[in-house]
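Below is one structure, written out as structure tokens; comments come after it.
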Number of protein chains: 2
Amino acid sequence: MLTRLGDKWTILVVSMLALSPDVPMRFGALKCGIPDISQRMLTLTLRSLERDGLVARSYFPEVPPRVEYELTDRGRSMLEPLATFTAWIRDTWQDIETSRRAFDDTERDRLGDGR
Amino acid sequence: MLTRLGDKWTILVVSMLALSPDVPMRFGALKCGIPDISQRMLTLTLRSLERDGLVARSYFPEVPPRVEYELTDRGRSMLEPLATFTAWIRDTWQDIETSRRAFDDTERDRLGDGR
DNA sequence: CAGGATCCGGGTGGATACTG
DNA sequence: CAGTATCCACCCGGATCCTG
């Protein structure tokens, strides 16, 4: 499950659907809200979430076709625990970045750069 | 950050170190506690966690060498938000697996298996 | 409009051998 | 004991083209 959320797009898709948890979003709207995602990855990500029962897919056989996605109750139940964790990330992120820079710097010293 | 925790081993290493948050663990003990991990991946995972300031590494230049790892304060501060989320996973996991089987079954019907 | 099919490059992680 | 170095298979994800 953590692997799912840790993949490249899941969190972004869930975040989009969580913006207004009751209003379904069209495929194109999601794609528009996550500009860098490819159709393929959006499809695959939504399919995974649907498979886990976190997202519901509604197909309307009109012309042109319309497909809407929304969080299920189960999907919404995930938002709060997830927010608890992302809050920790936000609070800690600056420190983490600082640690990373420090680590990389001493690492570069220890090895001597390849120049 | 979620990508970090979503990778194959980070969560397991953190869990091991969280078992007794004050007692440092040796490299070998960690490897023993996570039987399927390779030396390489354990090293890389610990290095990443150290780089983020979540784990502290202590090297003792003895013979044979001894290296101990423990969670930092920052690492320990992550445990509670993380537990909040993993609790949700535990509570929901059965339902998710059920949804997956149902999804895969109807999918198999829709396509007809290749036999 | 939404998504299926196919091809392809790069990165992740495993196995193995070697070292201080 | 605790790594490092190297090679390699696999899969994820991007780009592109096609369809109901």
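The chains referred to below are lettered A, B, ... by the order of the sequence lines, with proteins before strands, and numbering in each begins at 1. The figures here come from the full heavy-atom set of this structure, side chains too, leaving out hydrogens, waters and symmetry mates. Only a predicted model underlies this, so the values are computations on that prediction, with no experimental measurement involved.
The separation between A:M41 atom CE and C:dA2 atom C1' is 16 Å, rounded to whole Å. When rounded to the nearest whole Å, the span between CG of A:L46 and P of C:dG3 equals 7 Å. Atom P of nucleotide C:dC18 and atom CD of B:Q39 are separated by 14 Å, given to the nearest angstrom. The distance between atom CH2 of B:W9 and atom P of C:dG13, rounded to the nearest whole Å, is 10 Å. Atom CZ in A:R66 sits about 10 Å away from atom P in C:dA2, given to the nearest Å. B:E62 has its CD atom 15 Å from the C1' atom of C:dG20, to the nearest Å. In this structure, A:Y59 atom OH and C:dG4 atom P are separated by 11 Å, rounded to whole Å. Counting to the nearest Å, the P atom of C:dA2 and the NZ atom of A:K31 are 11 Å from each other.
To the nearest 0.5 Å, atom CG of residue B:L2 and atom OG1 of residue A:T3 are 11.5 Å apart.
Looking at heavy-atom distances under 4.0 Å, B:K8 makes contact with sugar-phosphate atoms alone, never a base. Contacts of A:R40 with the nucleic acid, taken as non-hydrogen atoms under 4.0 Å apart, include base atoms.
Taking 4.0 Å as the cut-off between side-chain N and carboxylate O, A:R101 and A:D104 do not count as a salt-bridged pair.
A 4.0 Å heavy-atom criterion places the boundary nucleotides of DNA chain D facing chain A at D:dG13 to D:dG20, written 5' to 3'.
In terms of phosphate contacts, A:Y69 brings a side-chain nitrogen or oxygen within less than 4.0 Å of OP1 or OP2 of C:dG3. Under 4.0 angstrom from either OP1 or OP2 of C:dG4 there lies at least one side-chain N or O belonging to A:R47.
A:L46 is not listed as a side-chain neighbour of A:R57, based on a closest heavy-atom distance of 4.5 Å or more. Within the 4.5 Å cutoff, side-chain heavy atoms of A:L44 are placed close to those of A:M41.
Listed for the A:R66 side chain is no donor-acceptor partner under 3.5 Å among the backbone atoms of A:Y59.
Legend: residues meeting side chain to side chain contact (heavy atoms under 4.5 Å, CB included) with A:T84, ordered by chain and number and at least two apart, are B:P81, B:T84.
A:D7 and A:T10 share a donor-acceptor pair across their side chains, judged by distance under 3.5 Å alone.
In terms of position along DNA chain C, the nucleotide closest to A:A29 lies nearer the 5' end than the nucleotide closest to the other residue of the pair B:S38 and A:A29.
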